[in-house]
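What you see is a predicted model, and the numbers here were worked out from it, not measured in a lab.
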Amino acid sequence: MSDFLNLLNTADIETLTSIQGITHPIARNITAARPFISVDNCLKVKGMGKSLLTRMQSFAEAQDDNSENIAMIPALGVLFSDDIISKSSLLRRTFMVQKIKFGTDGWRGVIAEDYTFDNVRRCAQGFASYMLSIGKKGQWIIVGHDMRFSSEHFAAAVAEVLAGNGLKVYLTQEATPTPVIAYAVVDKKAAGAVNITASHNPPTDNGFKVRNETGGAIDPKGLKQIEASIPDDISNVRRLTFNVGVEQGVIVKFDAATPYIEHLTRDGLIDLQPIKDAGLTVMVDVMWGNGMGWFPRLLAGGKTRVIEIHNVRNPSFPEMKRPEPIRPNIDAGLKATVNNKADILLILDGDADRCGIGDENGEFINQLRVFGLLAYYMLEIRGQRGDIVKTLSTTGMLNKLGEIYGVSVHETGVGFKFVAPKMTETNALIGGEESGGYAFRGNVPERDGILAGLYMLDFMVKTGKKPTELLKDLFAKVGGEYFYDRMDSPFSGDPEARKKIIMNNNPKTLGGLKVTELITVDGFQYKLEDGGWMLIRFSGTEPILRVYCETRHGDKVKAILEDGLKVAGIK
């Protein structure tokens, strides 16, 4: 055994390649790594008397449960084939580069598993390299964060990397809503932003969102460039120590809240005084997140009363599975609405870019209906005109409103990386998506849960009506009720193989309704004979397959979704 290991430490490449199982690249790696190979450590590896491949495989398979051998892994890594590494989770973490993939507007991962400081720094380097490649050297970048575990520390790490690459950083002084961070980009004339948040994901996760000079999402081409610029090795990341960055004036903490609040009234987005004077009781569920304190601050000084719940920092998000403004996460808020005899429930997700609504009876108004209400408010009550931008997973009520008011409706793929550029291109009046994110003209092309909530309150004040009455008015305008729901199913395996299954199934009916068309812009959308639709789509941020539907037949929603799962091969 010792002779064999001595051979590995002394033989030249030609001699090594004469050994069965050692290729030229492995031999080259062995000679390069000789200073780190310990004969004593290698002797402890089980199975070293077998052939090279068998030795290495036995070792790999033993490591996940054998802590004694972990110290030997770096020394022996040069001998492992990719096939062997792939069979051991410990070896994968040690030797295989984690490729970071950007979803709809950035990257999300599990804290400490793949969302680590090193990987966040790698992402920051990719973003910095992208900014430099488009001529932004020396310009300012906004960096903000949410209230998740260690978010402020991850944000500081990002600031160090950006500063180390010749960029300047405005770092928010506290956890800040995503729409406020987005507006800060415009207010500070910055080149873009990085936001440390996983938005509505479970408490185990955190994220890395990126924005351009408009404060809106970066388009898919730009996201691909950032992703391609992420280095494989942390050694390729440039950093400037935080304290040094502050001393040099290239990292500056700032207040993002005050300019945003001034912007709301100065730029004619909303008149707060009538809402303050209306005497409403407004229940607000901030879901343990960045929206904490915002509505009390904005609506203080009048007869309207604001009651907040879940308004302290708690990254475990008690009373909900995740800070996403849909049931069952909002059940506590709906109950509190009834108990406090509130006129409306406003629900902000974890980073306050999404808004959910509960009516005066403690019933949830789904996000597609809210999108319809907001568009109706802008067109009918405020008398404004402009294009509507919607993702394909949102309501057909918007198409009806477009016909009635003579405005164009643009349908995009799912995610604000599609919505934001289209809004900018068309100077759209309103844009939004199925998840409860809505953006408005005159503001930045970014989801804004705070402004959406204020608009719902203004809708009530200007009409003197409760949410249930406003919904009835909307249905009367568009010709009847629209019913929506969705199912999420955990997904593993190859998405491409699953897509083939979906294509091959080719359903003729769903829930008893005829399929009239298949659209594959983003996922698989089946148009139905009643004007409704069913969509099967893989999440861009989580290992989840989603099935959504909207129909004019409330009694067919469950059957359509069940058929969708069958088409996807889930049931």
Practice item. Please report the closest heavy-atom contact between Lys101 and Trp107, naming both atoms and the distance. Key: O-CD1, 3.5 Å
Review point. When rounded to the nearest 0.5 angstrom, what distance separates OH in Tyr183 from CD1 in Ile450?
Key: 13.5 Å
Check your understanding: After noting the C-alpha distance and the side-chain angles of Arg327 and Asp331, does the key distance pass the salt bridge (charged side-chain N to carboxylate O under 4.0 Å, His left out) rule?
Key -> CA-CA 6 Å; Arg327 303 194 76 168; Asp331 288 353; 2.8 Å; yes
Check your understanding: What are the two closest non-hydrogen atoms of Glu446 and Thr178, and how far apart are they?
Key -> OE2-CG2, 3.7 Å
Practice item. Verify the neighbour count for atom CZ of Phe117: are there more than 12 heavy atoms of other residues, nucleotides or ligands below 6.0 Å? Key: yes
Practice item. Locate the shortest heavy-atom distance separating Asn236 from Pro231; write the atom from each residue and the value. Key: CB-CB, 3.8 Å
Check your understanding: Taking Thr116 for the side chain and Asn119 for the main chain, is one N or O donor matched with an acceptor at less than 3.5 Å?
Key -> yes
Exercise for review: Ignoring hydrogens and angles, tell me if any N or O in the side chain of Asn206 forms a donor-acceptor pair with the backbone of Ile111 under 3.5 Å.
Suggested key: no
Review point. Atom CD1 in Ile141, atom CG in Leu167: separation rounded to 0.5 Å?
Key: 5.0 Å
Practice item. Write down the atom of Leu392, the atom of Gly413, and the distance for their closest heavy-atom approach. Key: CD2-CA, 4.5 Å
Check your understanding: Can you check whether Glu324's main-chain N or O pairs, donor with acceptor, with Asn329's side chain at less than 3.5 Å?
Key -> yes
Check your understanding: Is it true that a side-chain atom of Arg498 and a backbone atom of Gly569 form a donor plus acceptor pair closer than 3.5 Å?
Key -> yes
Practice item. Go through the side-chain N and O atoms of Thr241 and Asn243 and say whether any donor and acceptor fall under 3.5 Å apart. Key: no
Review point. Is there a donor-acceptor contact under 3.5 Å from the side chain of Gln125 to the main chain of Arg238?
Key: yes
Review point. Are the side chain of Arg354 and the backbone N or O of Ser435 linked by a donor-acceptor pair below 3.5 Å?
Key: yes
Study note, to complete from the structure: CZ (Phe149) and CZ (Arg313) are apart, to the nearest 0.5 Å, by 9.0 Å
Point to revise | Atom pair CD/NZ of Gln248 and Lys168 - distance to nearest 0.5 Å | key: 11.5 Å
Point to revise | CZ on Phe364 to CD1 on Ile357, rounded to 0.5 Å | key: 9.0 Å
Point to revise | Short side-chain donor-acceptor distance under 3.5 Å, Asp187 and Tyr170 | key: no
**Study point:** Test log, rule salt bridge (charged side-chain N to carboxylate O under 4.0 Å, His left out), inputs Lys99 and Asp232
**Key:** CA-CA 8 Å; Lys99 293 296 183 183; Asp232 289 342; 3.0 Å; yes
Review point. After noting the C-alpha distance and the side-chain angles of Arg486 and Ile326, does the key distance pass the side-chain contact (heavy atoms from CB on, under 4.5 Å) rule?
Key: CA-CA 11 Å; Arg486 107 181 181 201; Ile326 59 174; 4.2 Å; yes
Review point. Do any N or O atoms from the side chain of Arg148 and from the backbone of Ser199 form a donor-acceptor pair under 3.5 angstrom?
Key: yes
Practice item. Answer with yes or no after comparing the ring centroid distance for Trp140 and Phe254 against a 6.0 Å cut-off, counting only values under it. Key: no
Check your understanding: Is the backbone N or O of Ser316 less than 3.5 Å from a side-chain atom of Trp288, with the two atoms forming a donor-acceptor pair by type?
Key -> no
Exercise for review: Could you tell me the separation between the CG atom of Asp255 and the CD atom of Glu174, rounded to the nearest 0.5 Å?
Suggested key: 6.5 Å
Exercise for review: Could you tell me whether the side chain of Asp114 and the main chain of Gly109 form a donor-acceptor pair under 3.5 Å?
Suggested key: no
Check your understanding: Can you name the closest pair of heavy atoms from Phe127 and Val210 and give their distance?
Key -> CD1-CG1, 3.6 Å
Point to revise | Mutual orientation of the aromatic rings belonging to Tyr484 and Trp533 [parallel < 30°, tilted 30-60°, perpendicular > 60°] | key: tilted
Point to revise | Option from His200, His145, Lys209 for which side chain to side chain donor-acceptor pair (under 3.5 Å) with Asp351 holds | key: Lys209
Review point. Any side-chain donor paired with an acceptor under 3.5 Å for Asn212 and Thr214?
Key: yes
**Study point:** Backbone N/O of Thr391 and side chain of Glu433: donor-acceptor pair under 3.5 Å
**Key:** no
Review point. Taking all atoms of both residues into account, what is the closest heavy-atom pair of Ile536 and Tyr526, and its distance?
Key: CD1-CE1, 4.2 Å
Exercise for review: For the pair Tyr115 and Phe154, name the ring-plane relationship: parallel under 30°, tilted 30 to 60°, perpendicular over 60°.
Suggested key: perpendicular
Review point. Phe371 vs Tyr438 aromatic rings, parallel, tilted or perpendicular, using cut-offs 30° and 60°?
Key: tilted
